[in-house]
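Taking it in order: structure first as structure tokens, then the write-up.
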Amino acid sequence: MIHVLAIITTKPGMREAVLTEMRANIPAVLAEDGCIEYGPAVDAEGIGRIQTPLGPDSFVVVEKWESPAALAAHGAAPHMAAYAAKTREMVASRVIHVLSPAA
């Protein structure tokens, strides 16, 4: 299994617009072969000092894939190219962490 944490930072005030496009794309991603989990997450409220906030213009996409091949196919999927085209001008940066289970 492969874990992915994608940290997306939008241009100021654009987070909800990007999340709207992402939510529309989620059913296509979840239908991909090898997709175990895929969804966005934002800062939880009221957590206190333990939390390092992402901030109002960032979110994380939490993903799990059966294999590196499934992740590669995801990256090449036509619906992902369409999503990228729709959001390209709204995204300031993205950082992708691809992780293997340590157990």
Side-chain angles (χ1 to χ4, degrees):
M1 181 187 330
I2 296 295
H3 299 262
V4 179
L5 298 176
I7 303 167
I8 311 299
T9 301
T10 68
K11 292 179 180 174
M14 300 301 297
R15 181 174 80 179
E16 193 54 41
V18 173
L19 284 170
T20 295
E21 295 296 338
M22 170 165 275
R23 288 180 191 114
N25 198 38
I26 287 174
V29 175
L30 292 174
E32 292 178 40
D33 287 339
C35 182
I36 299 168
E37 179 181 349
Y38 184 88
V42 298
D43 288 324
E45 297 290 328
I47 301 303
R49 291 180 23 197
I50 192 172
Q51 181 179 20
T52 303
L54 292 168
D57 295 317
S58 296
F59 64 96
V60 175
V61 184
V62 179
E63 309 176 35
K64 289 184 184 177
W65 297 90
E66 287 181 0
S67 66
L71 176 59
H74 164 68
H79 55 268
M80 290 308 294
Y83 165 77
K86 289 177 185 176
T87 60
R88 184 170 288 118
E89 296 302 316
M90 296 185 276
V91 172
S93 68
R94 65 184 189 139
V95 177
I96 311 292
H97 299 277
V98 180
L99 309 164
S100 294

- Query: Do P40 and I26 have side-chain heavy atoms sitting under 4.5 Å apart?
  - Reply: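 With C-beta onward as the side chain, the pair touches.
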- Item | Member of L71, V4, I36 meeting the side chain to side chain contact (heavy atoms under 4.5 Å, CB included) criterion with K64 |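 It is I36; the other options fail the test.
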Measuring from [X]:[atom1] to [Y]:[atom2], what's the distance to the nearest 0.5 Å?
X: D43; Y: T52; atom1: CG; atom2: OG1; answer: 9.5 Å
X: M1; Y: S100; atom1: CE; atom2: OG; answer: 10.5 Å
X: E63; Y: H3; atom1: CD; atom2: NE2; answer: 11.5 Å
X: M90; Y: T20; atom1: CE; atom2: OG1; answer: 8.5 Å

- Item | Test side-chain contact (heavy atoms from CB on, under 4.5 Å) applied to V29 and M80, step by step | CA-CA 8 Å; V29 175; M80 290 308 294; 3.8 Å; yes
- Item | Minimal non-hydrogen separation, A70 against G34, with atom names |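 Heavy-atom minimum between the residues: CB-CA, 3.9 Å.
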- Minimum-distance pair of heavy atoms, taken over all atoms of M22 and Y38: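 Closest approach of M22 to Y38, heavy atoms only: CE-OH, 3.5 Å.
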Check: residues 5-16 side-chain donor-acceptor pairs under 3.5 Å, at least two apart:
| unit_1 | atom_1 | unit_2 | atom_2 | d |
| --- | --- | --- | --- | --- |
| T9 | OG1 | S58 | OG | 2.9 |
| T10 | OG1 | R15 | N | 3.2 |
| T10 | OG1 | D57 | O | 3.1 |
| K11 | NZ | E89 | O | 2.9 |
| R15 | NE | P56 | O | 3.4 |
| R15 | NH1 | G55 | O | 3.3 |
| R15 | NH1 | S58 | O | 3.0 |
| E16 | OE2 | R23 | NH1 | 2.7 |

- Test side-chain hydrogen bond (donor to acceptor under 3.5 Å, both in side chains) applied to H79 - qualifying residues, sequence neighbours left out: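 H79 satisfies side-chain hydrogen bond (donor to acceptor under 3.5 Å, both in side chains) with E32 once adjacent residues are dropped.
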- Query: Near D33 CG, under 6.0 Å, is it more than 12 heavy atoms from other residues, nucleotides or ligands?
  - Reply: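 Counting neighbours around CG of D33, 12 or fewer heavy atoms of other residues, nucleotides or ligands fall under 6.0 Å, so no.
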Do [X] and [Y] share a hydrophobic cluster, counting only Ile, Leu, Val, Met, Phe, Trp and Tyr and linking them when any side-chain heavy atoms are less than 4.5 Å apart?
X: L30; Y: L19; value: yes
X: V18; Y: V95; value: no
X: V98; Y: V61; value: yes
X: I96; Y: I2; value: yes

